[in-house]
Amino acid sequence: MPPVLYDNIPVGRPSGHLGILKPAPWACALTLALLTGGLVPPSWADSDKEIISAEEIEIQKPASLMELLNHRVGLGSSSNQLSLRGVPGVALYVDGFSRGNSSAEVDKIKPQDVARIEILRGAASSRYGAEALGGAVVITTRQGAGSWSLDAVQGHNSLDSRYSRVIGNGSLGNAGVRLSFEDSFTNQWFVYDRHNSPFPSIVQVQDAFETKREGDFRTNYRNDGFNTAVTVDYIEQTRNYGRPNHHNTYNTLIAKWLTEAAFDELKLSANILYQDYRVDAFRDHGGLGTTGLALYTHGPENSLTFSSEFQATYGNLNLGLLHGNDWDFIEQRLAGSGQTTFQQTDTVDRLGIFGSYGLDFLTDWHVDLAGRYDRYEYFDVSVFTEGRLNREPATSLDTFNPKLSLSWKAMPRLNLHGSASTGFQPPSPSILYFRRDTPGSQFVPNRGLKPENSLTLDFGLNTEYGSGGKAGLTFFYTRWTDKIEGITTQTLSPEGNKIQVDTIKNLGEAEAKGVEFSLSQPITDTMSTSLNYTLNLTEITQHSTVAYIGNRLPFQPRHRINAVLDYKPPWEGTVRLNLHYESDQFMNIDNRALHDGGLWWNGDFATLDFLISRKLKWGKSSGLDLTFGINNLQDERYAKNFFERDVGRVIRGELAVHF
């Protein structure tokens, strides 16, 4: 029987590369990329950039990096995807290479391994290419250096989640070595509402959990103006989705070589990455009871990536060239017979050329111009589905994304800044061709999916006042064309059972506009406070369904507030209160407010987190760190995602020993 429209719910957006892009419709842009010492990847000299240092991470003592980022101005996540200023699509770069745009990738990085985090707000495809529609989060990890040390960290919380980390670090002359290991178990990493979900295929019958084992080896060599480093990461993960036969197991191997050399004003760098990403996906029938929870299909979803990037910086001029290849293989087999029901292979060749130039003029003015050209070639695409093997024709896309930034030091303590930039998000081969069918759910491919383009404008000011006070105010506007959204509908099987149908479609056109405000203020010598607020007004401006025009975008609250109170106690350590507030938000593009207990709509919520830490030292470098925290102090059980609810109050503790 034909599908019965049940509702429209964003289920996440694709990552990867595929589609035919038109050149970006707005042409101007840039920012300056500068190499800094110690193998720190180039970063933009952008006035609307936030930097989080290793020292700040040490003070805040987050259990994970995503816990830290969720409290930064305008930054959030929904459907496992990072967003900034209401724009889903934030590029994540780690040590110079893309790691997609998901919050799951952020949490693969241990807080103790981070040297620096940069948050760039506004479209950043002029430097970071695809997936940087809303900005970029650039993470630089630590390299071996200094005297020899050993850290052992043990964390546990009231959900019976736990992690164990061991980190060794040191140097011999100009050579440094760093080793780190982690073994963790995260219980109830997400919770679907077990009573109100209309889809039997996602009803949980057990607690969802995630396991992770990770080992990192890093070695580096420094001599005058020459630095080089080699990193090898190996990660094993299992993600169980609350059903015994619905889970993924991951194995990831990442090898990187980074090097740079300085010759007076000329700096050269070369980075190479190899990544082997393997997933075994297990899916059940999709219903309840013995048959519904039994294994139905399983199979590999593997990807190999090779990327290289070369840069040259002279004064205020930066030029770069990058090239990469991605090889993907996906297969699904019936659990009983082993018969292949779906198989896909594809190859993507990527070429990028970018440049930037920064110029000071009229004493107090600075302009940054940047642009990036990307070309994608897609070939060797074959799809086996419904008993037939189809070979898809080779395709390609070209796109250019610019950025223009202008800043003016109007007064000794007042800076004005503005920028205009474009971004793009191409759909990946797995979105265009991927298919999965079980008796309880389907994922339907959309071969006609168009790439998404965005234009972002912003204007703001930053000021310092009094003794250490700082404030910032930014107005922003983003417009999308062919915005990509995930859609969930429902159909009925011939037996009359409900079947969940997921697909990815182009929304049409949409816009987000608003203002961000940030303030930090010392109160006394031992106490300080900070506040950030984001007003985000979103609207669908064009859609094939006329009734949706004028609706708000899903998962985008109009108001987001973070307020922090820090106290420096008599002992070495910290005491912190962090208030997080989000106003109501819809979870579907037709903005239905009440349905099945109101779970299509998330009312406003506020959570209060408390943290206290203390350092105890013996000897010159040895010591003990004690951390106690309570997240969601009021036990607020708010909706987070598509029929997903927060776990409520979590009490956690961490013990770290330094030798």
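A quick note: this is a predicted structure, and the numbers were derived from the prediction, not measured.
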Euclidean distance, [Y] [atom2] relative to [X] [atom1], rounded to 0.5 Å:
X: W408; Y: L416; atom1: CH2; atom2: CG; result: 6.0 Å
X: S147; Y: N169; atom1: OG; atom2: CG; result: 8.0 Å
X: S528; Y: R576; atom1: OG; atom2: CZ; result: 8.0 Å
X: T627; Y: R614; atom1: OG1; atom2: CZ; result: 12.5 Å
X: S308; Y: L273; atom1: OG; atom2: CG; result: 9.5 Å
X: L68; Y: I117; atom1: CG; atom2: CD1; result: 5.5 Å

Of all residues at least two apart in sequence or in a different chain, which pass the side chain to side chain contact (heavy atoms under 4.5 Å, CB included) check with S622?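 Once residues adjacent in sequence are excluded, the partners of S622 under the side chain to side chain contact (heavy atoms under 4.5 Å, CB included) criterion are W618.
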
What pairs with K568 under side chain to side chain contact (heavy atoms under 4.5 Å, CB included), at least two apart in sequence or on another chain?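 By the side chain to side chain contact (heavy atoms under 4.5 Å, CB included) rule, K568 matches T526.
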
Which residues pass the side chain to side chain donor-acceptor pair (under 3.5 Å) test with [X], sequence neighbours left out?
X: E654; answer: Y163
X: N551; answer: none
X: S613; answer: none
X: Y314; answer: none

Are any non-hydrogen side-chain atoms of [X] and [Y] less than 4.5 angstrom apart?
X: V106; Y: L69; value: yes
X: D566; Y: L577; value: no
X: H658; Y: D625; value: yes
X: R222; Y: Q143; value: yes
X: V564; Y: T529; value: no
X: F226; Y: Y221; value: yes

On a heavy-atom basis, which atom in [X] and which in [Y] lie closest, and how many Å separate them?
X: S125; Y: F424; answer: OG-N, 3.3 Å
X: A262; Y: K267; answer: CB-CG, 4.1 Å
X: G472; Y: N462; answer: CA-ND2, 3.9 Å
X: L519; Y: A471; answer: CD1-CB, 4.0 Å
X: F586; Y: R552; answer: CE1-NH1, 3.7 Å
X: G134; Y: V90; answer: C-CG2, 4.5 Å

Is there a donor-acceptor pair under 3.5 Å between the side chain of [X] and the backbone N or O of [Y]?
X: N532; Y: S518; answer: no
X: Q634; Y: A606; answer: yes
X: D374; Y: T399; answer: no
X: T541; Y: E509; answer: yes
X: Q425; Y: E452; answer: no
X: N157; Y: V650; answer: no
X: S583; Y: H559; answer: yes
X: R649; Y: L633; answer: yes

Does either side chain, that of [X] or that of [Y], offer a donor lying less than 3.5 Å from an acceptor on the other one?
X: W257; Y: T228; value: yes
X: S180; Y: D216; value: yes
X: R178; Y: T141; value: no
X: N632; Y: D646; value: yes
X: S421; Y: T456; value: no
X: E516; Y: Y533; value: no
X: N415; Y: H417; value: no
X: E118; Y: Y93; value: no

So that I can tick it off, tell me whether [Y] and [X] are bridged by a salt bridge, with the cut-off set at under 4.0 angstrom between side-chain N and carboxylate O.
X: E182; Y: R165; answer: yes
X: E572; Y: K615; answer: no
X: K256; Y: D95; answer: yes
X: R121; Y: E50; answer: yes
X: R652; Y: E67; answer: yes
X: E539; Y: K483; answer: no
X: D113; Y: R142; answer: no

Starting from the C-alpha separation in whole Å, work towards a yes-or-no answer on side chain to side chain donor-acceptor pair (under 3.5 Å) for H580 and D609. CA-CA 8 Å; H580 178 78; D609 299 342; over 6 Å; no

Salt bridge (charged side-chain N to carboxylate O under 4.0 Å, His left out) between K108 and D233, intermediate numbers included: CA-CA 11 Å; K108 288 182 179 180; D233 301 334; over 6 Å; no

Can we call the ring centroids of Y581 and F605 under 6.0 Å apart?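 No, too far apart.
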
For the pair L611 and F628, evaluate side chain to side chain contact (heavy atoms under 4.5 Å, CB included) and give the outcome as yes or no after the intermediate values. CA-CA 6 Å; L611 177 77; F628 173 80; over 6 Å; no

Test N318 against F354 for side chain to side chain contact (heavy atoms under 4.5 Å, CB included), laying out the working first. CA-CA 8 Å; N318 172 258; F354 59 88; 3.7 Å; yes

One pair to check against side chain to side chain contact (heavy atoms under 4.5 Å, CB included): I109 and I139. What are the steps and the verdict? CA-CA 9 Å; I109 305 166; I139 298 176; 3.8 Å; yes

Would you please test L655 and L626 for side chain to side chain contact (heavy atoms under 4.5 Å, CB included) and show each step? CA-CA 5 Å; L655 171 66; L626 300 173; 3.3 Å; yes

Step through the shown structure and confirm whether more than 12 heavy atoms of other residues, nucleotides or ligands are within 6.0 Å of NZ on K409.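 Above 12, so yes.
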
